[in-house]
Protein chains: 2
Amino acid sequence: MEDQVKIKLEKFRELVRKIRGYYEAVGLMHWDLRTGAPRKGAEFRSETIGMLSTEGFKLIISDEMGDYLEYFTKSDIAEQLDDLDLKIVKECKKEYDLNKLIPAEKFQEYSVLTAHAQTLWEDAKETSDFAGFEPYLSKIVAMKQEFINFWGVKGTRYDTLIDMYEPDMTVEKLDEIFSKLRSRLVPLVEAIRASTNQPDNTFLKQLFEIDQQEKFGLFILEQMGYDFEAGRQDESVHPFATSLNVGDVRITTHYLQDDVTSAVFSSLHEGGHALYEQNVDVKLVGTPLAQGTSMGIHESQSRLWENMIGRSRPFWERYFEDLQQHFGPQLKDVSIEEFYRAINRVENSLIRIEADELTYNLHIIIRYEIEKMLFNEGLSVKDLPEVWNAKYNEYLGITPPNDGLGILQDVHWSGGDFGYFASYSLGNMYAAQFLHTIRKELPQYDEWIAEGNLLPIKEWLADKIYKYGKSLTPAEIIVNVTGEELNPDYLADYLEEKYKEIYKL
Amino acid sequence: MEDQVKIKLEKFRELVRKIRGYYEAVGLMHWDLRTGAPRKGAEFRSETIGMLSTEGFKLIISDEMGDYLEYFTKSDIAEQLDDLDLKIVKECKKEYDLNKLIPAEKFQEYSVLTAHAQTLWEDAKETSDFAGFEPYLSKIVAMKQEFINFWGVKGTRYDTLIDMYEPDMTVEKLDEIFSKLRSRLVPLVEAIRASTNQPDNTFLKQLFEIDQQEKFGLFILEQMGYDFEAGRQDESVHPFATSLNVGDVRITTHYLQDDVTSAVFSSLHEGGHALYEQNVDVKLVGTPLAQGTSMGIHESQSRLWENMIGRSRPFWERYFEDLQQHFGPQLKDVSIEEFYRAINRVENSLIRIEADELTYNLHIIIRYEIEKMLFNEGLSVKDLPEVWNAKYNEYLGITPPNDGLGILQDVHWSGGDFGYFASYSLGNMYAAQFLHTIRKELPQYDEWIAEGNLLPIKEWLADKIYKYGKSLTPAEIIVNVTGEELNPDYLADYLEEKYKEIYKL
């Protein structure tokens, strides 16, 4: 490499690190707002988040960045770069091209708005006050619509949003994938409903001391290989994972006193996200590649750990006795088999994050359809509760008693994350396909889980998926690891096999 | 005001707010590092702190700032500004002139170094490893010496550092003040040592459950009017207060299982700092005036609450029963009078933050003299433990058994805060002078304290001191409130009266 190129490259890498620094600061301020920052400081804090996000944003689209990108994409310069630097340039160019057209003051307004709205949403959810929250949500949607104009419409307006979380995914493809999945799952759900072998799960709904729930959750995180020297778990209204840097990947959970499993599964879920981020190759640190490659692949990890491992029989063969010991009489007379069936009871419920593995996809389809209506079909934000409630009634046969348990249940929209929800079902599909490969390559998989020997599984995932961060695309990952493209049949096969056995169909 | 001036002023205020935003982010990252951030992220975090501090620093000395300051100090423009804006311009100009000469990369290096050193210091203190910490401390001192050259030497090199925490204070004045104070306190300390009426304080050193200590500390903070909607209390190795914004002023404490009073007095101390920052006038927010006016005045508030209120007889007439109730048998048979005497026992001890009100000043004088030697007399960092131990032996008749209990006990130096320690004794002196005025203006003062009616005292302080933030100088505050300049006799009078009574001299 010529000396001049080397010097330019160092400066470019420094600029890129600086952008990550802003992300880290903003990430910490968001985490703080949602885990215990004092109320009265929240509005000032939102201003500061807006200011710093904007400074980072300005760098992403700065003339300095533009000059570097032009320089490093010249063929005689590019051929001197190694593979990693080429990928960093490519990723920066993608961000640059995408955002160059958004005026910085628009971006700042949006950052302040969403930071503030996430705090307001917590209150709105608690008091079921959609009317109070609606003006903020309307403003967020309106700004997102404006942004779509800047970003450029791909296929449909909603495609533009989906592509941000899952590159190259479209409404057309999703409609097809969801339809294929639905065609196999709907008969299964119906057979389950008709089954006379309904698991009893009433014993899960007793009073469970939160201290003990916390202890057990921390124990499980340790077992799965979450590194507490490179992270911590706190409480928040809505559980989340946030990667501040590779040595600081935090998760949160939410305890329900009358539900022993909610917090455990949320620890497994967020822990899955965190394992991904904690195990990204250190050489990617300080670059835009030091993160999961897409939200779909990210969710595949959270859902693999939450459901495919966490709701499996071998897992509880190992850990149920531990769970029992954390409480007094509550689970004393429950057998492992009863517990396993209970946590896999299929039920039409109101809350997405507490839904079973099977109907979960219906919760996603509702959100996917509503977002499509919002961005492609002119649905007004004011009408959201009505549409939401109608769809819950149609798909799940239940109507939320209030908006806190309905339209206000998810944090995503308050942060402007439209187009994200599909990732959860994509995650399920990726996960099932990965699981199929794991079972082939690690024949002792079930045995290991039953022994609580989870670390080799984490290592396999780290080696095949986590370490690459964003240096491979989702399509490259799924093909490299499993040998074929995304195929929803793996999820359908997995669910059929599991639930036919549980419900004795 | 001309329109053009108005527009310029708005832009200037925006730049000023942006600088505060960087401070807020950096403040949160420091707080986080010291209250529970995962270890493995600390090094990356230090880089980010360095980067953001530098960005804020660059704005302080930016050409943009320089242009504004030149513009607003022109007489025809300045005369259009109101008093508040004139003061903001003055404060910004002071920061600009002071820092303009420091190269940004030096500043960044220093920020990264001190952020990192504060984390290393925690380990070094715990393991008494001065040798491991010494290279970092040496580097910090060397950089501080370089900075003094940039800032300009005032009187002596050490004067330059003192002036940063207490404007217009000098080695010459401090030598005189300390000598005057010493001449009155030394005979008092000697008389106390010779007294046959030594209070028994052995009952303070039992096992006290930390949960209960925490509960009691939070109760006391509430009583003194600390606003938990605009702050929170956490644990850290060394207690501190940090003002992120006027609605988010956090404090920390440190619990010792075998000492019931350490955490209580540290809550009162940091709570005093926090009351100051929480009650700054909202119109100063987003300006460099939204903070305490000097470290001396700041410490006057922490030490007023900790000692003059918190170690007074009326305070415990109200709160001792509460304290007793937080524990089992530990304090059951102790009377209020015994407790009052115990917490005011004068003792030659190793740890500054646990020292009694009287000998505390000796701890300060040791540090003041050592810092003077470091910066004015060529003392090497390597020799610090030896000098420290010799001085403790000379002034207090005791030698630290290890460096963790000696030279490594304070956080200040790891953060580069040389010149700060004198503020604590200045704070004692200011506080005693304020107290003298309070007693005149609020004749029911003692009665109110005995009733736990602390809020009117907080209100008086807020009205006379807190609300002004940095919009008045320390000299203006002390004269406005008490009618005269700083006079160390008030502290000597207060201490003599208090301790002669306790020791029956």
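We name chains A, B, ... by the order of the sequence lines, and we start the count at 1 in each one.
A side-chain donor-acceptor contact under 3.5 Å links H298(B) and E277(B).
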Test side-chain contact (heavy atoms from CB on, under 4.5 Å) on N245(B) and V285(B); report intermediate values, then the result. CA-CA 8 Å; N245(B) 65 52; V285(B) 166; 5.9 Å; no
For K458(B) and W305(B), run side-chain contact (heavy atoms from CB on, under 4.5 Å): C-alpha distance rounded to whole Å, both residues' side-chain angles, the deciding distance at 0.1 Å, then the answer. CA-CA 10 Å; K458(B) 186 206 91 177; W305(B) 283 97; 4.2 Å; yes
Salt bridge (charged side-chain N to carboxylate O under 4.0 Å, His left out), that's the test. Do K215(B) and D211(B) meet it? Break it down for me. CA-CA 6 Å; K215(B) 273 186 197 149; D211(B) 273 8; 5.9 Å; no
Set out, in order, the CA-CA distance, both residues' side-chain angles and the distance that settles side-chain contact (heavy atoms from CB on, under 4.5 Å) for D463(B) and E459(B), then state yes or no. CA-CA 6 Å; D463(B) 188 53; E459(B) 289 310 325; over 6 Å; no
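Among the candidates L244(B), V249(B), D227(B), the residue making the largest number of heavy-atom pairs closer than 4.5 Å to chain A is D227(B). Of all the listed residues (E43(B), M29(B), R250(B)), the one sharing the greatest number of non-hydrogen pairs under 4.5 Å with chain A is R250(B). For the options G286(B), G41(B), P38(B), heavy-atom pairs under 4.5 Å to chain A are most numerous at P38(B). Listed options A37(A), G36(A), A42(A) were ranked by heavy-atom pairs under 4.5 angstrom with chain B; first place goes to G36(A).
Residues of residues 56-68 of chain B having a heavy atom under 4.5 Å from any heavy atom of chain A, listed by number: K58(B). When the heavy atoms of residues 45-53 of chain B are compared with those of chain A, the residues falling under 4.5 Å are R45(B), T48(B), M51(B), L52(B), listed by number. The interface of residues 10-21 of chain B with chain A, defined by heavy-atom distances below 4.5 Å, comprises K18(B), G21(B).
Both the backbone and the side chain of E229(A) come within less than 4.5 Å of a heavy atom in chain B. Using a 4.5 Å cut-off between heavy atoms, V26(A) makes no contact with chain B at all. Heavy-atom distances place the side chain of E55(A), and not its backbone, under 4.5 Å from chain B.
For residues 13-34 of chain A, there are no ring pair (Phe, Tyr, Trp, His ring centres under 6.0 Å) pairs, not counting sequence neighbours.
F216(A) and F219(A) have tilted rings, their planes meeting at an angle from 30° to 60° on a 0 to 90° scale.
Here the rule is side chain to side chain contact (heavy atoms under 4.5 Å, CB included) with V237(A), and of Q118(A), E122(A), R34(A) only E122(A) fits it.
Looking at heavy atoms from C-beta onward, P239(A) lies out of side-chain contact with H269(A) at the 4.5 angstrom threshold. You'll find the side chain of D32(B) stays beyond 4.5 Å of the side chain of D32(A), heavy atoms only.
Nearest heavy atom pair, residue G416(A) against residue T114(A), reads N-CG2, 4.1 Å. When every heavy atom of Y136(B) is checked against every heavy atom of A117(B), the shortest pair comes out as CB-CB, 4.5 Å. Scanning both residues, K283(B) and L84(B), for their nearest heavy atoms gives O-CD2, 3.9 Å.
Side chain of T252(B) to backbone of F240(B): a donor-acceptor contact under 3.5 angstrom is found. Between the D281(A) side chain and the L284(A) main chain, no donor and acceptor come within less than 3.5 Å of each other.
From R232(B), atom CZ reaches atom OG1 of T35(B) across 7.0 Å, with rounding to the nearest 0.5 Å.
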